[in-house]
Enquirer: 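Following this message is one structure expressed as C-alpha cells.
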Amino acid sequence: MRKVLLTLIAAAGAVSFAGTADAKWYKKEVDERGAKCYLVEYVPSLYKYNTRGKLVQHSGTSWEGDITDGATIYHRRNPAVYITTKKLVEQDHYTLVPC
C-alpha cells in the first residue's frame, strides 16, 4: 500500500511541475449559412445475368461417325443450349457523398 501511495504522490508532483501549455491559435473557414459539402458520384446500372435464361435446345446424346465395317463411332453427350438473359437490379443514378 505504501508503494502505491508513493507512486501516486510522485506522479502528482511530476504533473504539477510540468511546463504550462501555450494556447495555439488557428483560423478555420466556417460557412455561416450552414451549407454542406457533397461529392457527386455516378453509379452505373447493375444487371443480374442468368446464363440459363431461355432454353434453345434440350440436352441429349448422339452417335457420330461412319457406319461402315471397321469404322470408329463415338457416343457423344450434347449439353443443353441457353440464351443468356439479364435483369435490371438497380438503374443508373447519381449519388451525393458527404465530404
Side-chain angles (χ1 to χ4, degrees):
M1 183 70 178
R2 180 183 270 181
K3 288 183 180 182
V4 173
L5 186 59
L6 289 175
T7 305
L8 289 175
I9 292 171
V15 170
S16 65
F17 290 115
T20 59
D22 292 331
K24 295 191 178 197
W25 294 90
Y26 63 93
K27 185 176 181 181
K28 182 177 180 182
E29 297 289 329
V30 178
D31 187 2
E32 299 296 330
R33 296 172 292 174
K36 296 184 179 179
C37 172
Y38 294 98
L39 297 174
V40 178
E41 185 177 322
Y42 175 72
V43 179
S45 296
L46 179 64
Y47 288 95
K48 179 180 178 182
Y49 288 90
N50 182 5
T51 58
R52 288 187 167 188
K54 185 177 178 185
L55 181 65
V56 176
Q57 182 179 351
H58 291 283
S59 61
T61 59
S62 64
W63 295 96
E64 290 185 12
D66 290 331
I67 303 180
T68 57
D69 192 23
T72 305
I73 298 176
Y74 299 98
H75 186 236
R76 298 200 186 264
R77 178 186 161 273
N78 300 320
V81 179
Y82 294 92
I83 294 177
T84 301
T85 59
K86 67 180 182 178
K87 179 180 178 183
L88 179 65
V89 176
E90 183 179 9
Q91 194 170 10
D92 63 332
H93 60 280
Y94 288 99
T95 186
L96 300 176
V97 180
C99 296

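Only heavy atoms go into these numbers, but all of them, side chains included; no hydrogens, no water, no symmetry mates.
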Enquirer: Give a yes or no on whether the backbone of A80 and the side-chain of S59 come within a donor-acceptor separation of less than 3.5 Å.
Expert: no

Enquirer: Given side chains that start at C-beta, do those of Y42 and D92 come closer than 4.5 Å, heavy atoms only?
Expert: yes

Enquirer: Of all heavy-atom pairs between C99 and Y38, which one has the smallest distance, and what is that distance?
Expert: SG-N, 3.5 Å

Enquirer: Hydrophobic cluster membership, with links at side-chain heavy-atom distances under 4.5 Å among I/L/V/M/F/W/Y: are V81 and L55 in one?
Expert: no

Enquirer: Show the nearest heavy-atom pair for residues V97 and E41, with the distance to one decimal.
Expert: CG2-OE1, 3.7 Å

Enquirer: Applying the 4.5 Å side-chain criterion to the ILVMFWY set and letting contacts propagate, would Y74 and W63 be lumped into a single cluster?
Expert: no

Enquirer: Take a 6.0 Å sphere around NE2 of H75 and say whether it holds more than 12 heavy atoms from other residues, nucleotides or ligands.
Expert: yes

Enquirer: What do you reckon, is CD1 of I73 surrounded by more than 12 foreign heavy atoms closer than 6.0 Å?
Expert: yes

Enquirer: Rounded to the nearest 0.5 Å, how far apart are CD1 of I83 and CG of N50?
Expert: 12.0 Å

Enquirer: So which atom in K48 and which in V89 form the shortest heavy-atom distance, rounded to 0.1 Å?
Expert: CB-CG2, 3.7 Å

Enquirer: Restricting to non-hydrogen atoms, name the atom on L96 and the atom on V40 that form the minimum distance, rounded to 0.1 Å.
Expert: CD2-CG2, 3.7 Å

